[in-house]
Amino acid sequence: MGKSPLDELKRRRRQVEAGGGEERVRRQHEAGKLTARERLNHLFDPGTFTELDVFVMHRAAEFGLDRMEIPGDGVVSGYGTVEGRLVYAFAQDFTVLGGSLGEMHAAKICKVLDLAVKTGSPVVGLNDSGGARIQEGVAALNGYGEIFRRNTHASGVVPQISVILGPCAGGAVYSPALTDFVIMAGDTAHMFITGPQVIKAVTGEEVSLELLGGGVAHNEKSGVAHFLTANDGEAIRVARRLLAHLPSNNLEEAPLREAEEPADDAEDLRHVVPADPRRPYDVRRVIRAVVDGSEFLEVHAAYAQNAVVGYARLGGRAVAVLANQPLQQGGCLDIAASDKLARFVRVSDAFNLPLLTFVDTPGYLPGVAQEHGGIIRHGAKILYAYAEATVPKVTVILRKAYGGAYLAMCSRSLGADLVLAYPGAEIAVMGPEGAANIIFRKEIAESEDPTRARQEKIAEYRERFANPYQAAAMGYVDQVIDPRETRGLLRRALAAVRSKREGRPAKKHGNIPL
Ligand code: HXC
């Protein structure tokens, strides 16, 4: 008697599920990596992953591919739930021809991207691939183009998260770059458009794979990646945590949680922000003292550390938190911080997350390198992003808010709905020292004791302008508050502007300075 159809189905499934076979799976594990299916099982709630396109086969014939079976065409795709919510995902299978991307591999990824957009569900891509399948030539390249176009069209519609768990080389890097968040795992993730050998041949530079495109390089230097984790499992857990703070699509709100008080040892905010404007402190202490459970999922933590961005909850509702970091370069705004803040404003606005901004900045960073590097166009991104955002915007001025940086950090004039200030806030065109030097230059020069005269003029300026009351008198600051009341008043402020609806004139699209 022949095999039953059911037996045949099982046999075929087992064959595909074996991926590249035991030996390659063993090598994958030895390299400290999980297999594609193990990764998907980590991502999804237990037992919820449903695989699609199990039996998709390549149809390439060149270079012996016609005689080759490529299980699943090197990628596992499908859907499942993450904390009960529908999510689409794909995982490239390095055990199968190095996870290289051929025509049908790309078609499987495109299918989940299309389904995610049609159903308004996030997409998570688990990347581990040698790049375009060399034997398939332009069909593989075309596959990438199809993915890039879909990534772009999905941008701002559904959250897209890229987890890099192995090589991601050549043009392949541009799919993650087009998504909202890039998470890199440990020593195994590498991203570059050309590897060390090509670089040596073209420019003569010698660089290791790790220094060129490892997790540290892209988290600290290039800013391409937003998270660096110890291993695969942790990278996938970060993806789950991010999803918990995001809505499924641009028409929904992020999921609600029980409101939770900050941790027992939350700090007394009267003592965290030093009165002396020159003394640094870690602004994350302020954030943790204010948000639910003191839990803050910092994004882009290693890049442009003079700014801090991340997700948290206030009264159970997800918020996007942005801040200057006085611990690094005094919290000034420079090119990298501008890019980091602007991008975070835009992704959060796209997904309906209120913007909560903590301000303590002496201004934009002066310098030839900054000017020639384009601080004008990069700095303009923050202005553009905040002014463009239509979500509720609440700002707290903790201490310094000077000049263009005061405006940039979500001032009333850029569209903040409510602005709170600490009593020690200094809001002015520039710092008292610089201001006194300019407007009292003559008096200081002509006085008998210029040093004393200078100090007096600085004090005079500080008293007149370097406080929150001039701004409060003009209604640019809505409330000057006792720092101990920050959490309670922010909960109220966010509740007071939650139902905000704001439109912009219809247009094809704006032109953010790049
Ligand atoms: C076809 C590939 C492949 C590829 C790897 N393999 N990459 N097959 N096309 N792009 C195959 C290998 O031949 C090998 O098959 C198996 O996958 C495992 O690869 P290894 O080299 O044994 O693994 P490892 O030593 O870990 O090295 C991994 C690697 C290396 C660093 C990724 O394989 C590599 O350099 N691959 C080529 C990378 C590359 O140049 N890709 C093209 C980039 S250009 P066997 O059967 O021998 O075990 C590109 C353009 C995209 O992507 C443009 C879009 C716009």
Side-chain angles (χ1 to χ4, degrees), residues 267-283 285-286 289-290 306 323-333 357-366 379 383 394-414 416-486 489-490 493:
E267 301 186 68
D268 181 342
L269 282 174
R270 278 172 309 175
H271 309 302
V272 176
V273 182
D276 177 351
R278 280 176 299 256
R279 274 197 39 214
Y281 62 97
D282 187 346
V283 77
R285 290 168 60 195
V286 177
V290 166
N306 43 337
N324 308 112
Q325 173 58 290
L327 214 51
Q328 296 283 338
Q329 297 170 280
C332 70
L333 294 178
T357 304
F358 292 97
V359 187
D360 191 346
T361 177
Y364 279 98
L365 179 68
L383 309 175
V394 175
T395 301
V396 186
I397 302 178
L398 300 172
R399 198 170 57 169
K400 291 184 289 241
Y402 288 130
Y406 152 69
L407 292 179
M409 293 304 292
C410 205
S411 57
R412 160 61 37 76
S413 43
L414 281 196
D417 300 299
L418 290 170
V419 180
L420 282 49
Y422 279 10
E426 300 184 355
I427 306 167
V429 175
M430 61 196 298
E433 287 82 4
N437 276 345
I438 294 170
I439 59 177
F440 302 119
R441 185 166 51 91
K442 260 202 184 140
E443 286 104 310
I444 292 171
E446 286 165 5
S447 83
E448 285 173 11
D449 183 349
T451 311
R452 224 185 84 196
R454 190 165 171 274
Q455 288 315 318
E456 281 170 11
K457 292 298 180 192
I458 291 171
E460 188 182 325
Y461 185 88
R462 174 165 279 133
E463 200 170 308
R464 282 288 297 284
F465 289 122
N467 61 61
Y469 298 108
Q470 195 206 12
M474 294 177 154
Y476 304 152
V477 164
D478 301 288
Q479 288 169 282
V480 180
I481 67 167
D482 179 336
R484 281 175 299 188
E485 297 174 333
T486 313
L489 289 175
L490 279 176

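In this chain, numbering begins with 1 at the start of the sequence shown.
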Open item on the list: With a 3.5 Å distance limit and no angle check, can you tell me whether T357 reaches the backbone of M409 through a side-chain donor-acceptor pair?
Closed with: no
- [ ] Could you tell me whether the side chain of D417 and the main chain of V394 form a donor-acceptor pair under 3.5 Å?
- [x] no
TODO: With the side chain counted from C-beta on, respond yes when S447 and K457 share a heavy-atom pair under 4.5 Å apart, and no when they do not.
DONE: no
Open item on the list: Determine whether a donor-acceptor pair (N or O, by modelled atom type, separation under 3.5 Å) exists between the side chain of R399 and the backbone of D276.
Closed with: yes
- [ ] To the nearest 0.5 Å, tell me how far N437 CG sits from I458 CD1.
- [x] 6.5 Å
Open item on the list: With rounding to the nearest 0.5 angstrom, report the NZ to CD1 distance, K400 to I427.
Closed with: 13.5 Å
- [ ] For residues P423 and P483, determine if any side-chain heavy atom of one lies less than 4.5 Å from a side-chain heavy atom of the other.
- [x] yes
Task: Within 6.0 Å of CZ in R270, more than 12 heavy atoms from elsewhere - done: yes
Task: Donor-acceptor contact below 3.5 Å, side chain N306 vs main chain C332 - done: yes
Task: Atom of L333, atom of A408 and distance for their closest heavy-atom approach - done: CD1-CB, 4.1 Å
Task: Passing option when R452 is tested against E448, E456, R454 for side-chain contact (heavy atoms from CB on, under 4.5 Å) - done: E456
Open item on the list: Could you check whether R464 pairs with E460 (Lys NZ or Arg NE/NH1/NH2 to Asp/Glu carboxylate O, under 4.0 Å)?
Closed with: no
- [ ] Using modelled atom types only, decide if a donor and an acceptor are shared between the side chain of Y364 and the backbone of G404 within a distance under 3.5 Å.
- [x] no
Open item on the list: side chain to side chain contact (heavy atoms under 4.5 Å, CB included), that's the test. Do D478 and R412 meet it? Break it down for me.
Closed with: CA-CA 9 Å; D478 301 288; R412 160 61 37 76; 2.5 Å; yes
Task: Stepwise side chain to side chain contact (heavy atoms under 4.5 Å, CB included) check, Y422 with I481 - done: CA-CA 5 Å; Y422 279 10; I481 67 167; 3.9 Å; yes
- [ ] With rounding to the nearest 0.5 Å, note down the distance linking OG1 in T486 to CG in L398.
- [x] 8.0 Å
Open item on the list: Go through it in stages, so that I can follow the logic: the residues are V359 and Y406, the test is side chain to side chain contact (heavy atoms under 4.5 Å, CB included), and I'd like the CA-CA distance, side-chain angles, deciding distance and then a yes or no.
Closed with: CA-CA 8 Å; V359 187; Y406 152 69; over 6 Å; no
Task: Neighbour count >12 (heavy atoms, 6.0 Å) for atom OH, Y476 - done: no
Task: Min side-chain heavy-atom separation P326-V283 under 4.5 Å - done: yes
TODO: Provide the closest heavy-atom pair for A401 versus I397 in the form atom of the first, atom of the second, distance.
DONE: CB-CG2, 3.8 Å
TODO: State, to 0.1 Å, how close Q470 and N467 come at their nearest heavy-atom pair, and which atoms those are.
DONE: N-OD1, 3.5 Å
Task: For C410 against A416, the heavy-atom pair lying closest together - done: O-CB, 3.3 Å
Task: Distance (rounded to the nearest 0.5 Å) between F465 CZ and Y402 OH - done: 12.0 Å
Task: Atom pair CG (L327) and CG (D360), whose distance is rounded to the nearest 0.5 Å - done: 11.5 Å
- [ ] Could you tell me the separation between the CG atom of D268 and the CZ atom of R484, rounded to the nearest 0.5 Å?
- [x] 6.5 Å
